[in-house]
Amino acid sequence: MPRPKIALIGGGNIGGVIAEQIALRELGDVVIFDVVEGLPQGKTLDIAEGAPLMGSDTKLRGANDYKEIAGADLVIITAGLARKPGMSRDDLLKTNLGIMKQVAEGVKANAPGATVIVVSNPLDAMVYTFKRVSGFPKNRVVGMAGVLDSARLRAFVAWELGVSVQDVTALVLGGHGDTMVPLVRYCTVAGIPVAKLLAQDKIDAIVERTKNAGGEVVALLKTGSAFVSPAFSALEMVESILRDKKRVLACACYLEGEYGVSGLYVGVPCILGSNGVEKVIEVELDPQERKLFDASLDHVRKLVAEIDGDVR
Ligand code: TXD
């Protein structure tokens with residue numbers, strides 16, 4: 001049984017960590033495509049030379065020609081600019097739109113049967129762009145954001161309570177930006193609702209820190225945005241798809257009536273398996289949660305409206 005072929009479009013900070021972890025976990029053989037000559041080739045060669053120390057027989061290669069991704073089973077897209085201090089994710093829209101259109105054409109032509117995980121920002125608009133330009137079915141195009149935002153919420157709750165991160169579960173819905181919706185009501189510590197363990201002011205502070213977590217790292221790094229936690233977030237999705245784990249994860253999914261929404265990508269819980277997004281799970285939202293979700297939807301709609309003419 002051959003290993004799955006995994007194509008990484010974009011071999012930068014996030015792409016490099018994903019490639020290294022795919023090799024370490026032997027999830028499949030890797031091709032990194034990038035437009036920078038030498039970058040994908042150098043990164044894959046470096047990881048491959050470390051493979052004996054990982055005990056990994058994963059094959060890795062770099063490419064500057066889309067033909068090298070031919071027949072990929074899974075494609076992970078991190079191509080695009082990352083934020084610098086003072087920039088919002090939305091500031092990346094125009095530049096990354098042009099890149100995503102190019103990427104969608106390349107993937108459509110060379111890996112038409114692939115399942116695609118989009119990571120590039122502004123995420124909700126970029127995954128929408130990929131789907132529109134590629135014409136791939138909605139189950140095979142999914143965006144990575146909610147897994148990261150939920151992980152950040154989990155980490156902050158665990159640190160505040162002094163408990164293991166393994167025992168904290170959380171769900172963040174909506175767009176991947178300042179209007180994201182951390183659902184505190186569904187956040188538990190070993191099944192115990194977090195509101196039973198933390199005072200409201202602490203919870204409110206954690207929610208705010210979650211919404212601003214990306215910007216917090218950008219301000220500290222100054223040269224780019226977070227890349228390890230996003231890479232590990234994408235890898236949760238990669239493993240669930242390749243190993244058919246049926247994980248329930250918060251992902252940017254294309255909605256057609258769920259949550260009363262149609263024709264948009266937005267972060268919702270879904271079941272991820274070998275058929276990609278196998279089911280969107282509709283959780284009950286109370287009036288306040290629905291209000292926040294609708295506000296987030298409005299933001300995503302405005303962002304998509306700015307580019308819709310370019311992607312039809
Ligand atoms: O939760 C999330 N979804 C976000 C995503 C979390 C953090 C970062 N987020 C976004 O991912 C970020 O705002 C960027 O839009 C992407 C990738 O972030 P990364 O930190 O990996 O950026 P890098 O290191 O700049 O890597 C981008 C690579 C770089 O090597 C470029 O040469 C390449 O993209 N690139 C391209 N590859 C293929 N095709 C084209 N056209 C292209 N243009 C640039």
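We count ligands from 1, going down the list as the structure has it; atoms in each ligand are counted the same way.
- By the 4.0 Å N-to-carboxylate-O rule, Arg3 lies close enough to Asp29 to be salt-bridged with it.
- Checking only distances, Leu81 does come within under 3.5 Å of ligand 1, N or O to N or O.
- The option from Val35, Val218, Asn13 that lies nearest to atom 39 (N) of ligand 1, judged by heavy atoms, is Val35.
- At most 12 non-hydrogen atoms from other residues, nucleotides or ligands lie less than 6.0 angstrom from CD of Glu37.
- Atoms of ligand 1 found under 4.0 Å from any heavy atom of Val36, numbered from 1 in the order shown, are 32 (O).
- Scanning all protein heavy atoms for the shortest distance to atom 43 (N) of ligand 1 gives Ile99 CD1, 3.6 Å.
- Looking at Pro230, Ala79, Ala82 and measuring to atom 22 (O) of ligand 1, the nearest heavy atom belongs to Ala82.
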**Request:** Dump the intermediate steps for side-chain hydrogen bond (donor to acceptor under 3.5 Å, both in side chains) on Asp90 and His299, then the final yes or no.
**Result:** CA-CA 10 Å; Asp90 296 0; His299 180 78; 2.8 Å; yes

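- Atom 27 (C) of ligand 1 has Gly80 O, 3.2 Å as its closest protein atom, hydrogens excluded (heavy atom only).
- With respect to atom 16 (C) of ligand 1, the closest heavy atom belonging to the protein is Thr78 O, 3.4 Å.
- Of all atoms in ligand 1, numbered sequentially from 1 with element shown, those under 4.0 Å from a heavy atom of His176 are 1 (O), 2 (C), 4 (C).
- Contact between Val127 and Ala252 at its shortest, heavy atoms only, is CG1-CB, 4.3 Å.
- Close approach of ligand 1 to Leu148 is summarised as follows: ligand atoms under 4.0 Å from at least one heavy atom of the residue are 1 (O), 6 (C).
- Per-residue contacts place Leu92 under 4.0 angstrom from the following atoms of ligand 1 (heavy atoms of the residue considered): 13 (O).
- Listed by chain and number, the residues in a salt bridge (Lys or Arg N to Asp or Glu O under 4.0 Å) with Glu284 are Arg185 (sequence neighbours excluded).
- For the pair Asn121 and His176, the minimum side-chain heavy-atom distance is below 4.5 Å.
- Per-residue contacts place Asn96 under 4.0 angstrom from the following atoms of ligand 1 (heavy atoms of the residue considered): 15 (O).
- Every residue two or more places apart in sequence or in another chain that forms a salt bridge (Lys or Arg N to Asp or Glu O under 4.0 Å) with Asp298 is listed here: Arg301.
- Less than 4.0 angstrom separates some heavy atom of Gln102 from each of these atoms of ligand 1: 40 (C), 41 (N).
- The nearest heavy-atom contact from the protein to atom 29 (C) of ligand 1 is Asp34 OD2, 3.5 Å.
- Using a 4.5 Å heavy-atom threshold, the side chains of Leu235 and Leu27 count as touching.
- Geometrically, Arg140 engages Phe136 in a cation-pi contact, judged by NZ or CZ lying under 6.0 Å from the ring centre and within 45° of the ring axis.
- Checked against the 6.0 Å centroid criterion, the rings of Tyr254 and Tyr265 qualify as a close aromatic pair.
- Counting atoms of ligand 1 from 1 in the listed order, those under 4.0 Å from a heavy atom of Leu39 are 30 (O).
- Scanning all protein heavy atoms for the shortest distance to atom 26 (O) of ligand 1 gives Gly12 CA, 3.4 Å.
- Counting protein heavy atoms only, atom 5 (C) of ligand 1 is closest to Val119 O, 2.9 Å.
- Side-chain atoms of Asp34 and Gln41 include no donor-acceptor pair closer than 3.5 Å.
- Atoms of ligand 1 found under 4.0 Å from any heavy atom of Asn121, numbered from 1 in the order shown, are 4 (C), 5 (C), 9 (N), 10 (C), 13 (O), 15 (O).
- Ligand 1 has Ala226 within reach: a non-hydrogen atom of the residue lies less than 4.0 Å from it.
- For the side chain to side chain donor-acceptor pair (under 3.5 Å) with Glu239, the qualifying choice from Gln21, Arg25, Arg247, Lys245 is Arg25, the only one to do so.
- Ranking protein heavy atoms by distance to atom 21 (O) of ligand 1, first place goes to Ile14 N, 2.9 Å.
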